[in-house]
Amino acid sequence: MQGNAARLPFEDGAFDAVITSPPYFTTYDYIDVQRLSYLAFRWPNPRDDQLGRYSRIPSDGVCFIPPNTLADWYELYGREKTAKGRAIRDYAQRLALHLSEVHRVTRPGAAIGVAMANSVRAGRTFDLVATLGELMSAAGFTSIEIRNRSARGRRILPLGRNVTTGRFADVPTGGTVERLVYATRL
């Protein structure tokens, strides 16, 4: 079954648990990376629905208030004046919609498990894990617990990316720590 994570095709309260790993913020274009699958299976190209996209995001013209964990980055990236600022807004809003949908399709007391890793940008931690926790809480999840899971020797994200060309290196960057974020639906 195909669907959009912001509009899940399931009844309210249909699940006792959800385990997921949402796309990362502007790491790479998931549709482009999987383009052969989209062509082979003749899937529609939902590029504008992609969580974590970077391009073709219009300014919203509304006063977006970023999650606390992204506020400094939103300012640093120029808010709605730049593609990166708009990408932060779009990412936070789409992730919040996804979590609201997960809340809707789970029963009270359901368990939620999400795999996520932080990244480093401009020498600073881009804390996607804390953002996820903040948005989970806003969506109505409780008992949010974050556990580290060493990923040494495994690839979570594509190998190192050359910031000039956008191409991925052919050597592991090593040592990424993936976090597993658990929560309960009220």
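In this text, all values refer to a predicted model and were calculated from it rather than measured experimentally.
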Interatomic spacing from [atom1] in [X] to [atom2] in [Y] - rounded to 0.5 Å:
X: Glu80; Y: Asp60; atom1: CD; atom2: CG; value: 4.0 Å
X: Thr142; Y: Arg185; atom1: OG1; atom2: CZ; value: 10.5 Å
X: Phe10; Y: Thr106; atom1: CZ; atom2: OG1; value: 12.5 Å
X: Leu95; Y: Met136; atom1: CG; atom2: CE; value: 9.0 Å
X: Leu186; Y: His103; atom1: CG; atom2: NE2; value: 5.5 Å
X: Ile112; Y: Tyr182; atom1: CD1; atom2: OH; value: 12.5 Å

Determine whether Glu134 and Leu70 satisfy the following criterion, side-chain contact (heavy atoms from CB on, under 4.5 Å), listing intermediate values before the conclusion.
CA-CA 10 Å; Glu134 187 176 346; Leu70 292 180; over 6 Å; no
Would you mind reporting whether [Y] and [X] have side-chain heavy atoms less than 4.5 Å apart?
X: Trp73; Y: Asp127; value: no
X: Leu132; Y: Arg179; value: no
X: Ile146; Y: Val129; value: yes
X: Leu76; Y: Lys84; value: no

Closest heavy-atom contact between [X] and [Y]?
X: Ala139; Y: Ser100; answer: CB-N, 4.2 Å
X: Pro66; Y: Tyr74; answer: CG-CD2, 3.8 Å
X: Phe141; Y: Ala183; answer: CB-CB, 3.8 Å
X: Tyr77; Y: Ile88; answer: CD1-CD1, 3.3 Å
X: Ala130; Y: Thr69; answer: CB-CG2, 3.5 Å
X: Met116; Y: Leu128; answer: SD-CB, 3.8 Å

Heavy atoms of other groups near Glu11 CD, more than 12 under 6.0 Å
no
Report, as yes or no, whether the 6.0 Å neighbourhood of atom CD1 on Ile19 holds more than 12 heavy atoms from other residues, nucleotides or ligands.
no
Give a yes or no on whether Val181 and Leu97 share a hydrophobic cluster (residues Ile, Leu, Val, Met, Phe, Trp, Tyr; joining criterion: side-chain heavy atoms under 4.5 Å apart).
no
Using the rule that Ile, Leu, Val, Met, Phe, Trp and Tyr join whenever any side-chain heavy atoms are under 4.5 Å apart, tell me whether Leu180 and Ile144 fall into a single cluster.
no
Main-chain N/O of [Y] paired with [X] side-chain donor or acceptor, under 3.5 Å:
X: Thr184; Y: Ser143; answer: no
X: Ser137; Y: Gly133; answer: no
X: Asp16; Y: Arg107; answer: no

Salt-bridge contact Asp90-Arg94 (side-chain N to carboxylate O under 4.0 Å)
yes
